[in-house]
Every structure is written in structure tokens, then in C-alpha cells.
Amino acid sequence: MKIIKITLKIILLSLFLIMALFPLYWVIVTSFKGYKEIYTFPIKYLPSKINFENYKYLFEISNFGIYFKNSVLISLISALGAMIISIFSGYSLSRFKYNKAKNTLLLAMYFSQMIPTFMIMAPLFTSFANFGMTDSLFSLMVIYISTMIAFSTIMGKGFFDRIPVALEEAALIDGCNNMQTIIKIVIPLSLPGLAAIFSFAFVNIWNELFLAAMFMSSSYKMTIPVALNSFISKAGVSWGVLSAGIVVALLPTMIIFAFTQKYIVQGLTDGAVKG
């Protein structure tokens, strides 16, 4: 009976893995197919010949390299900005006692995470337009940082709560001030948590479409999600080019998680167990 249960689990998990990975496989395969082969029937699950025309069109004709650079710049700076702010805001909420004010602030942060993005798009655009700050990469960074602060602060507070206060008290006795204590004690001990905050912020900003589409009116300032959306038109969908763009768009997030995976797992584990 035990062997049957294990076998059924393996079969079900294998089916789930195939279902989860097949869309990614199909996107990669489609990106290497020619135009005619994409619409060939019966369907070919492997390209008869590796074709790089979709990638060539992507970077030589559609200026995808510019959009890629915009997304990398915006995502990196915004994620770093949100992470740095979360260090001080999360530490403040973790260490200092605000009683009812602290609980109210935390409740407001939790509530802000339930507000859909489209509900704040109109007032945000109106406010920035009044100051002539639309169609600007800097403005988009400011918006992304502000929208990620609550999420990053909540995560940061959880990680700082697990650092023993006695370590900071010992540093203060040795002559460190509060800022030196944060830099020399708190930040090194919370690196796994900060890596998790940065990774989640980067991925959320990298994949954001609606705000980027509304604020960026110049074609050379578009981000990757907006550029990918432009391949879908009333005339049809450029499946080959769209698939190639998706493959390229996946690379930065895969690289980020490859380098921070160890810290993310450690950070999430530390955040789940009281130290």
C-alpha cells in the first residue's frame, strides 16, 4: 500500500511538473521557429531548423535592446531604493515602541497591499502631470519605490525581529552609535532577508505593465512589458517575436534568483522561525 501511495505521488508530481514547464518549453521552441513553421499543422513540437530571425528582428528592428536597458535600469535602482528604505523603516518598526501608532501604521501598510494598481493610476498620473513629470524614467522609479516601500518594510521588520537586541546593546557598549550599529551589526546579519526583499521587489517591478504603459509616451522610454504588449495588435499577434521577447525578458529574473537563491531560502527560513 505504501509503495502504491509513493508511486501515485511521483506520477502526480511528474504531471504537475510537465504542466508547469510545458508553457516555458513551448515559448522557447516557438522563438526558434520560422513564421511558416509556427502556423504549420499538424503542430511541430521541435523546430525543423534553429531559426534566429525572431531574435534578429527583436534587437535590430524593434529596438528591444533599448527597452531592455530601460527595464534593467528602472528595476535595479527601484529595487535597491526600496530595499535601502526598508532597512531603516523596518528597523524602526522592529526596535522602537510606538504602541497604538505602530500598530496603526502596520495595519495601514497591510491594507495598502490590498489596493489594486489600477485604482491609483489616475490620481498618480494627474499629480505627476501637474508637475510635468510624466514620460520620465526618474518619475517611474519614484513611483515604483513608493509602491514597494510598504511590502519591503513589512518583510524587513520580520527579519529584524529575529536579530537579538543583545548584539546591538553590546555594540553600543563598545562605543558604536545607532547608525554604526545598523551598518556593522544589523545589515550583515540580515543580508539573507535583504536579498529576499531585493529579489521580490526587482521581479515585481520588472513585470509591471500598467503604470509603465500610462506614464511612458515616448517609444524609446518603454519598458519590456510595454514592448511585449506592443507585439499584440488588431492585425494579429507576432508569436515568434513575442516568444523571443519573453525568453529574453526571463533572463534577468533567472540570473537574479540564481545568485540570490541561497540567501532567499535562508532569509525566508530565518523569517519563519523565531531566533
Side-chain angles (χ1 to χ4, degrees), residues 71-99 101-115 117 140-174 176-208 211 250-275:
S71 284
V72 169
L73 183 67
I74 291 171
S75 300
L76 277 177
I77 294 177
S78 301
L80 280 171
M83 184 191 71
I84 291 170
I85 292 173
S86 72
I87 291 173
F88 298 99
S89 58
Y91 179 82
S92 176
L93 287 174
S94 174
R95 290 294 185 264
F96 301 112
K97 307 298 181 184
Y98 295 122
N99 300 325
K102 176 179 176 179
N103 295 330
T104 303
L105 183 59
L106 278 172
L107 186 62
M109 287 184 178
Y110 283 117
F111 179 74
S112 69
Q113 300 305 293
M114 296 185 288
I115 301 175
T117 303
L140 201 57
M141 291 177 197
V142 171
I143 294 169
Y144 285 150
I145 290 173
S146 62
T147 55
M148 290 305 303
I149 284 175
F151 172 79
S152 302
T153 299
I154 291 168
M155 286 189 68
K157 178 186 177 299
F159 294 120
F160 295 136
D161 284 343
R162 270 68 187 180
I163 299 176
V165 180
L167 295 176
E168 298 169 48
E169 292 174 345
L172 291 171
I173 292 173
D174 288 339
C176 291
N177 55 37
N178 288 330
M179 182 59 68
Q180 289 173 329
T181 302
I182 294 174
I183 294 173
K184 295 181 179 180
I185 304 296
V186 177
I187 292 178
L189 290 175
S190 59
L191 281 179
L194 297 180
I197 292 171
F198 174 82
S199 300
F200 285 118
F202 182 91
V203 172
N204 276 290
I205 294 166
W206 181 267
N207 294 325
E208 202 283 321
L211 290 173
L250 286 172
L251 293 178
T253 53
M254 292 173 66
I255 292 171
I256 289 291
F257 276 104
F259 280 101
T260 60
Q261 180 183 14
K262 183 177 98 173
Y263 297 106
I264 292 173
V265 174
Q266 184 181 343
L268 293 177
T269 305
D270 291 344
V273 181
K274 187 174 181 179

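- Formation of a donor-acceptor pair under 3.5 Å by the Arg95 side chain with backbone atoms of Val165 is not found in this model.
- Contact detail for Phe198 and Met83: the closest heavy-atom pair is CB-SD, 3.9 Å.
- Partners of Ser89 under the side-chain contact (heavy atoms from CB on, under 4.5 Å) rule, at least two apart in sequence or in another chain, are Ile85, Ser86, Thr153.
- Residue Tyr144 holds its OH atom at 7.5 Å from CD1 of Ile205, rounded to the nearest 0.5 Å.
- When every heavy atom of Met148 is checked against every heavy atom of Ala201, the shortest pair comes out as CE-CA, 3.6 Å.
- By the side-chain contact (heavy atoms from CB on, under 4.5 Å) test, Met179 pairs with Phe88, Asn177, Ile183, sequence neighbours left out.
- Of the possible donor and acceptor atoms, none in the side chain of Ser199 sits under 3.5 Å from a partner among the backbone N and O of Ala196.
- The side-chain contact (heavy atoms from CB on, under 4.5 Å) test with Trp206 is passed by exactly one of Leu76, Val72, Leu250: Val72.
- With sequence neighbours excluded, the residues that form a side chain to side chain donor-acceptor pair (under 3.5 Å) with Ser94 are Asp161.
- For the atom pair CG (Asp174) and CD (Gln180), the distance works out to 11.0 Å, reported to the nearest 0.5 Å.
- Across every non-hydrogen atom of Gly90 and Phe160, the tightest pair is C-CD1, 3.5 Å.
- Taken to the nearest 0.5 Å, the CD1 atom of Ile77 stands 4.0 Å off from the CE atom of Met141.
- Here Ile185 contributes atom CD1 and Glu168 contributes atom CD; the two are 8.0 Å apart, rounded to the nearest 0.5 Å.
- Of the inter-residue distances, the one linking Phe151 atom CZ with Asn204 atom CG reads 6.5 Å to the nearest 0.5 angstrom.
- For the side-chain contact (heavy atoms from CB on, under 4.5 Å) with Thr181, the lone residue among Leu167, Ile187, Leu172 that qualifies is Leu172.
- Side-chain contact between Ile256 and Val203 is absent, with no heavy-atom pair separated by less than 4.5 Å.
- Within the model, atoms OG of Ser152 and NZ of Lys157 stand 15.0 Å from one another, a figure rounded to the nearest 0.5 Å.
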